[in-house]
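Notes follow the structure.
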There are 2 protein chains.
Amino acid sequence: MVRKKTSIKDIAKALGVSITTISFIINGKAEEKRISKEMVKKVEDYVAKVGYRPNHLAQSLRSGKSKVLVLMVEDISNSFFSNIARLIEEKAFKNDYKIIYCSTENSTEKAKELIHTFKSRNVDGFIITPTADLKFEIENLIKENFGVILFDRWIPGLDCSHVIVENRRSSFEATQHLIDTGAKKIIFITVSSDQTQMQDRLKGYLEALELANLSPFVFEEPFHSSSEEFMGDQIKEFLLNHPDADALFFATNYLAFEGLHAIRKLELRIPEDLQVLAFDDHFFFSLYQPSISAIAQPLEGIAEKLMEGILNQLDENIESKTFKVELANQFVPRKSTFSKS
Amino acid sequence: MVRKKTSIKDIAKALGVSITTISFIINGKAEEKRISKEMVKKVEDYVAKVGYRPNHLAQSLRSGKSKVLVLMVEDISNSFFSNIARLIEEKAFKNDYKIIYCSTENSTEKAKELIHTFKSRNVDGFIITPTADLKFEIENLIKENFGVILFDRWIPGLDCSHVIVENRRSSFEATQHLIDTGAKKIIFITVSSDQTQMQDRLKGYLEALELANLSPFVFEEPFHSSSEEFMGDQIKEFLLNHPDADALFFATNYLAFEGLHAIRKLELRIPEDLQVLAFDDHFFFSLYQPSISAIAQPLEGIAEKLMEGILNQLDENIESKTFKVELANQFVPRKSTFSKS
DNA sequence: TTGAAAGCGTTACCAA
DNA sequence: TTGGTAACGCTTTCAA
């Protein structure tokens with residue numbers, strides 16, 4: 001048996017009624033259009049009986065709307081993004097929107113292709129963790145009146161709604177926390193990236209050190225190894241050259257995982273030999289021994305604000321300006337850093 | 001500026017050519033239809049110039065195909081699923097398919113709604129981690145000629161393609177591994193679920209114990225607590241009542257995380273006081289101290305077979321039977337269990 | 001209170 | 001070689 005869905009036309013034929021009438025009733029416009037009670041009942045009963053479901057494709061083609069939002073993240077297997085994805089989906093459902101996720105794998109080409117394919121499927125809006133190269137595409141989306149909101153980072157020189165966190169401030173405060181414990185040589189471990197969130201985390205670190213008159217030491221990891229065997233080898237190398245380091249501040253949680261591998265290989269004690277702190281909390285950090293201090297991003301708040309921002313854009317009754325939100329993080333001190341007291 | 005895309009009709013008008021001709025050229029049927037070189041060039045140049053992109057919605061509506069596959073998993077924030085998602089997406093892209101992910105959150109209602117909404121958007125196929133309650137919907141999908149393939153678990157009494165792993169055998173072998181170290185009281189920690197993969201993991205454990213003439217001890221966790229504070233409290237309670245336990249075998253990795261919390265609270269040493277083993281490996285297990293032995297599922301193989309299975313179904317040239325694959329896992333011994341030697 | 005018909009952007013059949 | 005036109009399933013305007 002091949003697909004054979006009942007359409008409005010079939011219903012019209014079976015009931016001897018026009019498709020217009022059916023359409024009105026299905027779309028809850030019976031009252032407005034003053035359709036008789038009997039007619040409404042007749043149609044509704046039949047619709048229920050045959051289990052009719054409207055074809056969304058046809059609806060979208062005709063109306064230009066689809067009730068679908070796209071969530072484009074860098075990598076869905078990263079727990080930060082997959083957690084955000086789950087929260088957003090939950091909220092979207094409540095607002096009668098469906099979410100389509102996809103990963104860009106940090107490839108601008110792939111991101112562009114995805115944007116084009118979804119545009120031509122009439123999705124209503126995009127929630128994106130962008131790369132700077134996406135500026136042109138995003139400008140176009142805005143011009144073409146799609147809902148667009150960025151998160152995690154934003155694009156300099158582009159006036160677009162976004163939801164980010166206080167990267168600089170949290171990084172500054174966390175660094176100060178380390179300085180307060182007496183650490184003199186604090187290493188900032190990051191990846192080579194000009195993404196705004198990474199730059200801001202770096203800035204916060206640098207500012208705190210400057211204020212304390214300490215010298216900064218930044219290690220930019222040139223590439224990632226996800227192989228268990230080599231995890232952390234680059235950081236290990238760096239640490240060997242800096243045996244007097246007091247503390248490591250990791251710009252992301254996955255860097256911290258690599259760092260922990262390195263620290264284990266070097267048989268260093270945390271926090272006695274080396275304090276450890278990471279941006280972006282992870283359940284792992286509370287379970288590791290010793291537990292790892294981290295800066296927790298407000299996942300729930302981010303998801304909430306993203307939905308709020310994009311729904312406002314899509315609501316034609318609201319005159320929406322660009323919506324720019326910066327949320328506070330929470331520093332979670334654990335055993336890997338000395339308490340200030 | 002509001003959305004205003006050039007359509008085939010616009011091109012036809014601008015070039016004074018019929019839309020049929022344009023359609024042929026765009027779809028690479030120029031040769032087949034013997035369109036003249038000049039015409040092809042004229043059209044292609046214009047298409048490139050205005051950056052025309054076909055409307056996928058309209059294409060799907062007309063053709064019934066969409067080149068979109070849906071991946072419905074239980075919870076996208078679970079690392080097993082998000083890793084599978086990434087791999088599948090990668091493979092789908094290579095085959096010119098787009099992937100839409102969504103989470104069912106283990107709600108049959110939500111799953112049904114998702115299936116219906118995607119059906120009415122003409123997606124070509126579904127890759128699903130099903131619950132037993134979804135049997136009827138899935139039967140319908142098959143009847144209606146959608147591509148369907150299940151993974152992680154399957155539905156008894158339903159003849160549907162699937163890709164699963166050797167749950168029973170791996171569980172059996174892992175249990176034997178524990179028995180070989182001399183463990184007498186091995187606790188199997190699982191969740192209350194009739195899903196096939198959970199049942200099979202349990203069976204493997206029971207069989208190995210029976211063979212060795214040992215008594216089974218199964219703890220079914222009644223509910224999950226994701227709050228850091230209470231993580232592992234239920235397991236802790238259980239362990240207090242079984243102080244003579246030699247080993248814990250966790251049916252999933254997230255149960256193991258809870259268990260590790262419990263073990264830490266009780267200040268037990270791994271593996272001296274208690275050996276630990278988990279189904280479904282996680283990067284965490286190699287980093288934890290001591291590292292945790294685990295059964296690793298072949299993520300890459302699962303993704304590969306899933307794509308192969310569903311692409312076969314969608315290829316009209318292939319007469320596809322139901323495609324049932326069971327893949328081997330790999331036991332990864334680490335420090336949390338004694339080596340056999 | 002209900003219906004006819006145009007149109008959304010394609011594809012595919014048949015004709016020229 | 002190319003073009004006309006119906007059809008995919010729906011919404012919406014206008015007419016009855």
Side-chain angles (χ1 to χ4, degrees), chain A residues 2-44 47 50 52-67 116-117 119-124, chain B residues 2-44 47 50-68 116-117 119-124:
Chain A
V2 171
R3 233 166 291 181
K4 175 71 196 84
K5 299 265 292 184
T6 37
S7 73
I8 275 195
K9 209 190 280 180
D10 300 327
I11 301 178
K13 202 174 292 171
L15 256 41
V17 180
S18 89
I19 60 173
T20 312
T21 308
I22 315 267
S23 175
F24 286 152
I25 295 174
I26 287 169
N27 292 299
K29 297 187 182 164
E31 294 235 344
E32 181 189 332
K33 300 291 178 180
R34 300 151 186 252
I35 312 279
S36 68
K37 299 280 176 230
E38 309 90 68
M39 178 64 91
V40 172
K41 177 146 178 41
K42 186 163 82 170
V43 172
E44 282 180 344
V47 162
V50 300
Y52 166 78
R53 307 227 169 217
N55 181 315
H56 287 161
L57 223 49
Q59 286 180 323
S60 296
L61 181 60
R62 181 60 234 239
S63 67
K65 302 273 166 244
S66 64
K67 287 282 183 184
H116 284 131
T117 183
K119 271 165 97 162
S120 70
R121 286 204 154 82
N122 281 16
V123 303
D124 294 344
Chain B
V2 171
R3 233 167 293 182
K4 175 70 194 89
K5 301 265 290 181
T6 36
S7 71
I8 277 193
K9 209 190 283 178
D10 299 327
I11 301 179
K13 202 174 294 170
L15 256 41
V17 181
S18 89
I19 60 174
T20 311
T21 308
I22 315 269
S23 177
F24 285 150
I25 296 174
I26 287 168
N27 292 298
K29 296 188 184 165
E31 294 237 344
E32 180 188 336
K33 300 290 178 182
R34 302 156 185 248
I35 312 279
S36 67
K37 298 279 175 229
E38 309 89 68
M39 177 65 93
V40 171
K41 176 143 179 43
K42 185 163 82 170
V43 172
E44 281 180 344
V47 161
V50 300
Y52 166 78
R53 308 228 169 215
N55 182 315
H56 287 160
L57 222 51
Q59 287 180 322
S60 297
L61 179 61
R62 182 61 239 238
S63 67
K65 302 276 168 241
S66 63
K67 288 283 184 183
V68 170
H116 284 131
T117 183
K119 271 165 95 164
S120 70
R121 288 204 152 82
N122 280 18
V123 302
D124 294 344

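In what follows, every chain begins at residue 1, and chains take the letters A, B, ... in the order their sequences are listed. Source: prediction; values computed, not measured.
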(request) Apply side-chain contact (heavy atoms from CB on, under 4.5 Å) to N122(A) and L61(A), showing your working. (result) CA-CA 8 Å; N122(A) 281 16; L61(A) 181 60; 5.7 Å; no
(message) Using a heavy-atom cut-off of 4.0 Å across all strands, would you classify K9(B) as base, sugar-phosphate, or nothing?
(response) sugar-phosphate
(request) Please tell me which of V17(B) and A58(B) maps to the more 5' nucleotide of DNA chain D, matching each residue to the nucleotide holding its nearest heavy atom. (result) V17(B)
(request) Output yes when a side-chain donor or acceptor of S60(A) lies under 3.5 Å from a complementary backbone atom of H56(A), and no otherwise. (result) yes
(request) Would you indicate which nucleotide in dG9(D), dT5(D), dT11(D) comes nearest to any side-chain atom of I19(B)? (result) dT5(D)
(message) Please check this pair: side chain of D124(B) against backbone of K65(B), looking for a donor-acceptor N/O pair closer than 3.5 Å.
(response) no
(message) At 4.0 Å (heavy atoms only), tell me whether T20(B) reaches a base, stays on the sugar-phosphate, or touches nothing.
(response) base
(request) Please state how far atom CD in Q59(A) lies from atom P in dT12(D), giving the value in whole angstrom units. (result) 10 Å
(message) If you compare all heavy atoms of L57(B) against all heavy atoms of R121(A), which two are closest, and at what distance to 0.1 Å?
(response) CD1-O, 3.6 Å
(request) Give the rounded distance in Å between these two atoms: CG of D10(A) and C1' of dC10(D). (result) 13 Å
(request) Look at T21(B) and dG3(D) and indicate whether a side-chain polar atom (N or O) is within less than 4.0 Å of OP1 or OP2. (result) yes
(request) Looking at every strand, decide which applies to K37(B) at a 4.0 Å heavy-atom threshold: base, sugar-phosphate, or nothing. (result) nothing
(request) Using only side-chain N and O atoms of S36(B), determine if any of them is under 4.0 Å from OP1 or OP2 of dT2(D). (result) yes
(request) Starting at atom NZ of K33(A), determine the distance to atom C1' of dT13(D), rounded to an integer number of angstrom. (result) 9 Å
(request) Mind checking the CG-CD spacing from N27(A) to Q59(A)? Nearest 0.5 Å is all I need. (result) 6.5 Å
(message) What is the separation between atom CD1 on I22(A) and atom P on dT12(D), rounded to the nearest whole Å?
(response) 16 Å
(request) Could you tell me the separation between the CD atom of E44(A) and the CD1 atom of I22(A), rounded to the nearest 0.5 Å? (result) 11.0 Å
(message) Below the 4.0 Å mark, does dT11(D) have OP1 or OP2 next to a side-chain nitrogen or oxygen of K29(A)?
(response) no
(message) Between S18(B) and dG3(D), is there a contact of a side-chain N or O with OP1 or OP2 at under 4.0 Å?
(response) yes
(request) Find the distance N27(A):CG to dG9(D):C1' and express it as a whole number of Å. (result) 12 Å
(message) Given dT11(D), dT1(D), dG9(D), identify the nucleotide with an atom nearest to the side chain of R34(B).
(response) dT1(D)
(message) Going 5' to 3' along DNA chain C, which are the first and last nucleotides with any atom under 4.0 Å from a heavy atom of chain A?
(response) dT1(C) to dG9(C)
(message) Output the rounded distance in Å from CD1 (I8(A)) to P (dC8(D)).
(response) 14 Å
(message) Any heavy-atom pair between the side chains of I8(B) and I26(B) that's under 4.5 Å?
(response) yes
(message) Would K29(B) and F24(B) count as a cation-pi pair here, with the cationic atom under 6.0 angstrom from the ring centre and within 45° of the axis?
(response) no
(request) Please report, rounded to the nearest Å, how far the C1' atom of dT11(D) is from the CG atom of L61(A). (result) 11 Å
(message) Without decimals, in angstroms, what is the distance between R62(A) CZ and dC10(D) P?
(response) 13 Å
(message) Nearest heavy atom decides the nucleotide; on that basis, is T6(B) or F24(B) closer to the 5' end of DNA chain C?
(response) T6(B)
